[in-house]
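In this text, all values refer to a predicted model and were calculated from it rather than measured experimentally. In this chain, numbering begins with 1 at the start of the sequence shown.
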Amino acid sequence: HLLDFQPFIFVGTSTQKVGGVNGSFNSLEIQSSSDVMAVSSLTLHTYNQTSGLFRAGNFAHAMTGNWNQTGGAFLAETSSITFYGGQDVTAVSGNGFNNFIVDAGTTPANILTVNALSGLSFNNFTLVSGTFVPNGMIHVLSGTWSQTGGAFNSTSTAQISIGGNFSQTGGSFLTVSTFVFNGGVQTVSISSSSRFGHLVSSVSTSLTAASDIAITSLTISIGNYTHGSYRTKLGGALAVQGGTFDRANGIWEFSGTSSQ
């Protein structure tokens, strides 16, 4: 089985291909001066890249160990990458993921930690199980956030900008991080036990709460914030720097323990 072998190191000067019937590798290392192209789904224990270009193609890839990109370029194309188990992710600025899925399991040690050279970028982010730790960086999510399990219990000063919808239906979501919604028409929903740290509404059209929303502090800078028949529960400040917010519908609950 390929997982039993030593690292596979790609050092070519022209296009190389990786994959096939058994696309499992203990360690895939890219040190080429050209590109390496996936031709099937891959299962990797560790991924190391110092140079060259890795093209992920239109495949669903699986990671069971660390992702370590310190050089070269990663082209996600339309791929999905699922991280299983406790891992570290290091990536180079400008090298974004398409579908980034965390399904790390339920044991306390299964924590996926971002140790990036800069913040990560994703088209879509999915948290199924395990714990995602963003560290104190700026991450960019152009599409949707979907959490059905696992934990995003960030105590860091990370900032995550979101261009699509946000849905958290399971797991734990308790954070002091800043979430900036900066798309066009967006919706946000979280479970009753969850809470945003600092939520910034900076949309071109509207941000609509599709559930009761608990927030430590809310900033409305552009666009319209509306919550329909739902409740917006603020533990801290409401700052309206621009745009508008829904005064006529739903309930605004100020639940702080100090001046608001």
#### Entry: ring-ring contact (aromatic ring centres under 6.0 Å, His included) partners for H227, two or more places apart
W252
Shared hydrophobic cluster for [X] and [Y] (ILVMFWY, side-chain gaps under 4.5 Å):
{"X": "L218", "Y": "L207", "value": "yes"}
{"X": "L238", "Y": "V203", "value": "yes"}
{"X": "V200", "Y": "I162", "value": "no"}
{"X": "I222", "Y": "V240", "value": "no"}
{"X": "F254", "Y": "L199", "value": "yes"}

Measure the spacing between [atom1] of [X] and [atom2] of [Y] and express it to the nearest 0.5 Å.
{"X": "H61", "Y": "L44", "atom1": "NE2", "atom2": "CG", "answer": "8.0 Å"}
{"X": "D35", "Y": "Q16", "atom1": "CG", "atom2": "CD", "answer": "8.5 Å"}
{"X": "S80", "Y": "F97", "atom1": "OG", "atom2": "CZ", "answer": "12.0 Å"}
{"X": "L42", "Y": "S40", "atom1": "CG", "atom2": "OG", "answer": "5.0 Å"}
{"X": "S161", "Y": "I138", "atom1": "OG", "atom2": "CD1", "answer": "8.5 Å"}
{"X": "F122", "Y": "N98", "atom1": "CZ", "atom2": "CG", "answer": "12.0 Å"}

Could you tell me if [Y] and [X] have a donor-acceptor pair between their side chains, going purely by distance under 3.5 Å?
{"X": "N99", "Y": "N124", "value": "yes"}
{"X": "N165", "Y": "T144", "value": "no"}
{"X": "T46", "Y": "S27", "value": "yes"}

Heavy-atom closest contact ([X] atom, [Y] atom, distance):
{"X": "I190", "Y": "A214", "value": "CD1-N, 3.9 Å"}
{"X": "A237", "Y": "L234", "value": "O-CD2, 4.1 Å"}
{"X": "S204", "Y": "G184", "value": "OG-CA, 3.1 Å"}
{"X": "A56", "Y": "A38", "value": "O-CB, 3.8 Å"}
{"X": "M37", "Y": "T15", "value": "CE-CG2, 4.2 Å"}
{"X": "A209", "Y": "Y225", "value": "CB-OH, 4.0 Å"}

#### Entry: Passing option when Y47 is tested against F10, F25, F8, W67 for ring-ring contact (aromatic ring centres under 6.0 Å, His included)
W67
For the side chain of [X] and the backbone of [Y], is there at least one donor-acceptor N/O pair under 3.5 Å apart?
{"X": "D212", "Y": "R231", "answer": "yes"}
{"X": "Q49", "Y": "A73", "answer": "yes"}
{"X": "Q168", "Y": "S191", "answer": "yes"}
{"X": "H139", "Y": "L120", "answer": "yes"}

### Task
Show your reasoning for whether side chain to side chain contact (heavy atoms under 4.5 Å, CB included) applies to E77 and N58.
CA-CA 7 Å; E77 300 180 299; N58 182 25; over 6 Å; no
### Task
Flag the pair P134 / F152 as yes when at least one side-chain heavy-atom distance between them is below 4.5 Å, and no otherwise.
yes
Would you tabulate the side-chain donor-acceptor contacts of residues 171-179 under 3.5 Å, counting partners in other chains and residues two or more places apart, or write 'none'?
unit_1	atom_1	unit_2	atom_2	d
S172	OG	N153	OD1	2.8
S172	OG	N153	ND2	3.4
T175	OG1	S177	N	2.8
T175	OG1	S177	OG	3.1
S177	OG	S154	OG	2.8
S177	OG	S156	O	3.4

### Message
Name the residue from N95, T90, T50 that meets the side-chain hydrogen bond (donor to acceptor under 3.5 Å, both in side chains) definition with Q69.
### Response
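With Q69 as partner, side-chain hydrogen bond (donor to acceptor under 3.5 Å, both in side chains) holds for just one option, N95.
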### Message
For a side chain to side chain contact (heavy atoms under 4.5 Å, CB included) check, start with the C-alpha distance between S146 and T148, then their side-chain angles and the critical distance, and finish with the verdict.
### Response
CA-CA 7 Å; S146 175; T148 58; 4.3 Å; yes
#### Entry: Pairs touching residues 241-250 that satisfy side-chain hydrogen bond (donor to acceptor under 3.5 Å, both in side chains), sequence neighbours left out
N224-T244, T226-D246, D246-N249
### Query
Hey, what's the ring geometry for F196 with F181, parallel, tilted or perpendicular (30° and 60° as the breaks)?
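Ring orientation, 0 to 90° scale: perpendicular.
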### Task
Describe, in one word, how the ring planes of W145 and F125 are oriented to each other, choosing from parallel (under 30°), tilted (30 to 60°) and perpendicular (over 60°).
tilted
#### Entry: Verdict with reasoning, F100 to F83, per ring-ring contact (aromatic ring centres under 6.0 Å, His included)
CA-CA 8 Å; F100 187 99; F83 292 84; 4.8 Å; yes
#### Entry: R55 and L53: CA distance, side-chain angles, deciding distance, side chain to side chain contact (heavy atoms under 4.5 Å, CB included) verdict
CA-CA 6 Å; R55 302 172 63 98; L53 167 66; 4.0 Å; yes
### V11 and S32: CA distance, side-chain angles, deciding distance, side chain to side chain contact (heavy atoms under 4.5 Å, CB included) verdict
CA-CA 4 Å; V11 294; S32 72; 5.6 Å; no
